Amino acid sequence: QVQLVESGGGLVQAGGSLRLSCAASGRTFSNYAMGWFRQAPGKEREFVAAISPRGRWTDYAESVKGRFTISRDNAKNTVYLQMNSLKPEDTAVYFCAGGRTSAWGRRGDEYDYWGQGTQVTVSS
(Lines give C-alpha, C1' and ligand atoms only; values in the text may rest on other atoms or scores of the structure.)
Protein backbone atom coordinates (compact mmCIF):
# COMPACT_ATOMS: atom_id res chain seq x y z
CA GLN A 1 0.00 0.00 0.00
CA VAL A 2 1.49 3.29 -1.10
CA GLN A 3 1.49 6.07 1.48
CA LEU A 4 2.54 9.70 1.15
CA VAL A 5 2.92 11.81 4.27
CA GLU A 6 3.55 15.54 3.99
CA SER A 7 5.05 17.76 6.66
CA GLY A 8 6.52 21.22 6.99
CA GLY A 9 3.52 23.45 6.48
CA GLY A 10 2.74 26.39 8.72
CA LEU A 11 2.22 30.11 9.05
CA VAL A 12 4.82 32.46 7.61
CA GLN A 13 5.01 36.14 6.77
CA ALA A 14 5.18 37.32 3.20
CA GLY A 15 8.74 37.09 1.92
CA GLY A 16 9.52 34.17 4.17
CA SER A 17 10.40 30.57 3.39
CA LEU A 18 9.13 27.09 4.16
CA ARG A 19 10.28 23.63 3.14
CA LEU A 20 7.71 20.91 2.66
CA SER A 21 8.63 17.26 2.85
CA CYS A 22 6.78 14.20 1.61
CA ALA A 23 7.82 10.77 2.83
CA ALA A 24 6.77 7.90 0.59
CA SER A 25 6.43 4.21 1.27
CA GLY A 26 4.94 1.13 -0.35
CA ARG A 27 6.68 1.03 -3.72
CA THR A 28 10.06 1.62 -5.31
CA PHE A 29 10.22 5.39 -4.93
CA SER A 30 12.99 5.95 -7.45
CA ASN A 31 10.93 4.48 -10.31
CA TYR A 32 8.26 7.16 -10.32
CA ALA A 33 7.79 10.84 -10.94
CA MET A 34 6.57 12.96 -8.05
CA GLY A 35 4.63 16.18 -7.93
CA TRP A 36 3.28 18.91 -5.72
CA PHE A 37 -0.15 20.45 -6.13
CA ARG A 38 -2.06 22.99 -4.07
CA GLN A 39 -5.63 24.01 -3.46
CA ALA A 40 -6.72 27.35 -2.08
CA PRO A 41 -10.16 27.88 -0.52
CA GLY A 42 -12.82 28.11 -3.17
CA LYS A 43 -10.41 27.26 -5.96
CA GLU A 44 -9.57 24.16 -7.94
CA ARG A 45 -6.47 22.15 -7.25
CA GLU A 46 -3.53 23.39 -9.30
CA PHE A 47 -0.17 22.06 -10.34
CA VAL A 48 2.87 23.48 -8.56
CA ALA A 49 5.92 21.39 -9.48
CA ALA A 50 7.03 17.97 -10.67
CA ILE A 51 10.26 16.01 -10.74
CA SER A 52 11.49 13.01 -12.73
CA PRO A 53 12.38 9.74 -10.97
CA ARG A 54 16.09 10.45 -10.70
CA GLY A 55 15.63 14.18 -10.19
CA ARG A 56 17.21 15.16 -13.46
CA TRP A 57 14.18 16.98 -14.81
CA THR A 58 11.87 19.41 -13.06
CA ASP A 59 8.85 21.44 -14.09
CA TYR A 60 7.15 24.39 -12.40
CA ALA A 61 3.99 26.39 -12.67
CA GLU A 62 4.69 29.89 -13.92
CA SER A 63 3.38 31.37 -10.69
CA VAL A 64 6.13 29.73 -8.62
CA LYS A 65 9.01 29.54 -11.06
CA GLY A 66 12.13 31.14 -9.61
CA ARG A 67 10.75 31.00 -6.06
CA PHE A 68 10.06 27.29 -5.44
CA THR A 69 12.41 24.36 -5.90
CA ILE A 70 11.40 20.71 -6.02
CA SER A 71 13.97 18.07 -5.17
CA ARG A 72 14.10 14.46 -4.06
CA ASP A 73 16.29 12.14 -2.05
CA ASN A 74 15.71 8.62 -3.32
CA ALA A 75 17.78 7.12 -0.53
CA LYS A 76 15.27 8.60 1.93
CA ASN A 77 12.16 8.07 -0.23
CA THR A 78 11.39 11.74 0.21
CA VAL A 79 10.48 14.62 -2.06
CA TYR A 80 10.83 18.24 -1.01
CA LEU A 81 9.41 21.60 -1.97
CA GLN A 82 11.53 24.56 -0.94
CA MET A 83 9.39 27.68 -1.04
CA ASN A 84 11.08 31.07 -0.92
CA SER A 85 9.78 34.63 -1.29
CA LEU A 86 6.34 33.45 -0.27
CA LYS A 87 3.33 35.57 -1.13
CA PRO A 88 -0.16 35.67 0.39
CA GLU A 89 -1.48 34.12 -2.83
CA ASP A 90 0.61 31.03 -2.09
CA THR A 91 -1.74 30.28 0.81
CA ALA A 92 -3.25 26.84 0.20
CA VAL A 93 -3.25 23.22 1.22
CA TYR A 94 -0.27 21.60 -0.47
CA PHE A 95 -0.47 18.00 -1.64
CA CYS A 96 2.27 15.58 -2.54
CA ALA A 97 1.43 13.28 -5.45
CA GLY A 98 2.95 10.01 -6.63
CA GLY A 99 3.15 9.53 -10.36
CA ARG A 100 1.58 6.65 -12.24
CA THR A 101 4.74 6.13 -14.25
CA SER A 102 8.20 7.61 -14.62
CA ALA A 103 6.75 10.42 -16.73
CA TRP A 104 5.92 13.62 -14.94
CA GLY A 105 2.99 15.82 -15.78
CA ARG A 106 0.87 18.77 -14.76
CA ARG A 107 -2.50 17.04 -14.60
CA GLY A 108 -3.82 15.52 -11.43
CA ASP A 109 -5.02 12.43 -13.28
CA GLU A 110 -1.42 11.58 -14.09
CA TYR A 111 -0.84 10.81 -10.43
CA ASP A 112 -2.19 7.77 -8.64
CA TYR A 113 -1.34 8.52 -5.03
CA TRP A 114 -1.92 11.56 -2.86
CA GLY A 115 -0.93 12.68 0.59
CA GLN A 116 -3.33 14.15 3.10
CA GLY A 117 -2.10 17.69 2.52
CA THR A 118 -0.35 20.28 4.63
CA GLN A 119 -1.58 23.83 5.20
CA VAL A 120 0.59 26.75 4.16
CA THR A 121 -0.58 30.18 5.23
CA VAL A 122 1.26 33.33 4.18
CA SER A 123 0.33 36.51 6.00
CA SER A 124 0.73 39.94 4.46
Side-chain angles (χ1 to χ4, degrees):
Q1 181 180 359
V2 176
Q3 286 192 318
L4 302 175
V5 180
E6 301 102 333
S7 61
L11 173 64
V12 65
Q13 288 189 331
S17 298
L18 282 174
R19 188 176 84 153
L20 306 183
S21 300
C22 172
S25 61
R27 65 177 183 176
T28 305
F29 181 73
S30 60
N31 286 350
Y32 299 93
M34 296 294 293
W36 286 96
F37 289 74
R38 67 186 182 186
Q39 187 167 19
K43 295 188 177 181
E44 292 188 353
R45 182 179 63 192
E46 65 174 358
F47 168 78
V48 175
I51 189 167
S52 61
R54 300 295 179 93
R56 181 176 180 183
W57 303 105
T58 58
D59 186 28
Y60 297 92
E62 284 299 317
S63 60
V64 307
K65 196 173 291 185
R67 299 188 298 122
F68 291 11
T69 302
I70 188 171
S71 62
R72 64 192 296 163
D73 185 338
N74 286 345
K76 296 182 178 179
N77 290 352
T78 301
V79 62
Y80 304 96
L81 185 68
Q82 177 66 45
M83 305 185 296
N84 298 330
S85 302
L86 282 160
K87 304 175 181 180
E89 51 263 44
D90 294 318
T91 294
V93 177
Y94 284 70
F95 297 91
C96 171
R100 180 169 303 139
T101 68
S102 60
W104 64 98
R106 295 186 170 204
R107 300 194 323 265
D109 63 6
E110 295 176 283
Y111 297 82
D112 279 344
Y113 302 100
W114 296 83
Q116 81 287 353
T118 185
Q119 177 71 46
V120 171
T121 302
V122 185
S123 63
S124 57

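Bear in mind that the values here come from a model prediction, so they are computed numbers and not experimental data.
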Nearest non-hydrogen partners of [X] and [Y], listed with the distance:
{"X": "Ser124", "Y": "Ala14", "answer": "CA-CB, 4.4 Å"}
{"X": "Gly99", "Y": "Tyr32", "answer": "O-CD2, 3.5 Å"}
{"X": "Tyr113", "Y": "Arg27", "answer": "CE1-NH1, 3.4 Å"}

Would you check if [X] and [Y] make a side-chain contact, meaning some heavy-atom pair closer than 4.5 Å?
{"X": "Cys96", "Y": "Trp36", "value": "yes"}
{"X": "Thr91", "Y": "Gln119", "value": "yes"}
{"X": "Phe47", "Y": "Asp59", "value": "yes"}
{"X": "Ser17", "Y": "Asn84", "value": "yes"}

When you measure from the side chain of [X] to the backbone of [Y], do you find a donor-acceptor pair of N or O atoms at a distance under 3.5 Å?
{"X": "Tyr111", "Y": "Gly105", "answer": "yes"}
{"X": "Arg72", "Y": "Ser52", "answer": "yes"}
{"X": "Glu46", "Y": "Arg38", "answer": "no"}
{"X": "Thr58", "Y": "Ile51", "answer": "no"}

- Residues Arg100, Glu110: salt bridge by 4.0 Å N-O rule: no
- Counting only heavy atoms not in Lys65, do more than 12 fall under 6.0 Å of its NZ? yes
Could you state whether [X] and [Y] fall into the same hydrophobic cluster, counting links through intermediate Ile, Leu, Val, Met, Phe, Trp or Tyr residues with side-chain heavy atoms under 4.5 angstrom apart?
{"X": "Val120", "Y": "Tyr80", "result": "no"}
{"X": "Val64", "Y": "Phe95", "result": "no"}
{"X": "Val48", "Y": "Val5", "result": "no"}
{"X": "Tyr60", "Y": "Leu86", "result": "yes"}
{"X": "Met83", "Y": "Ile70", "result": "yes"}

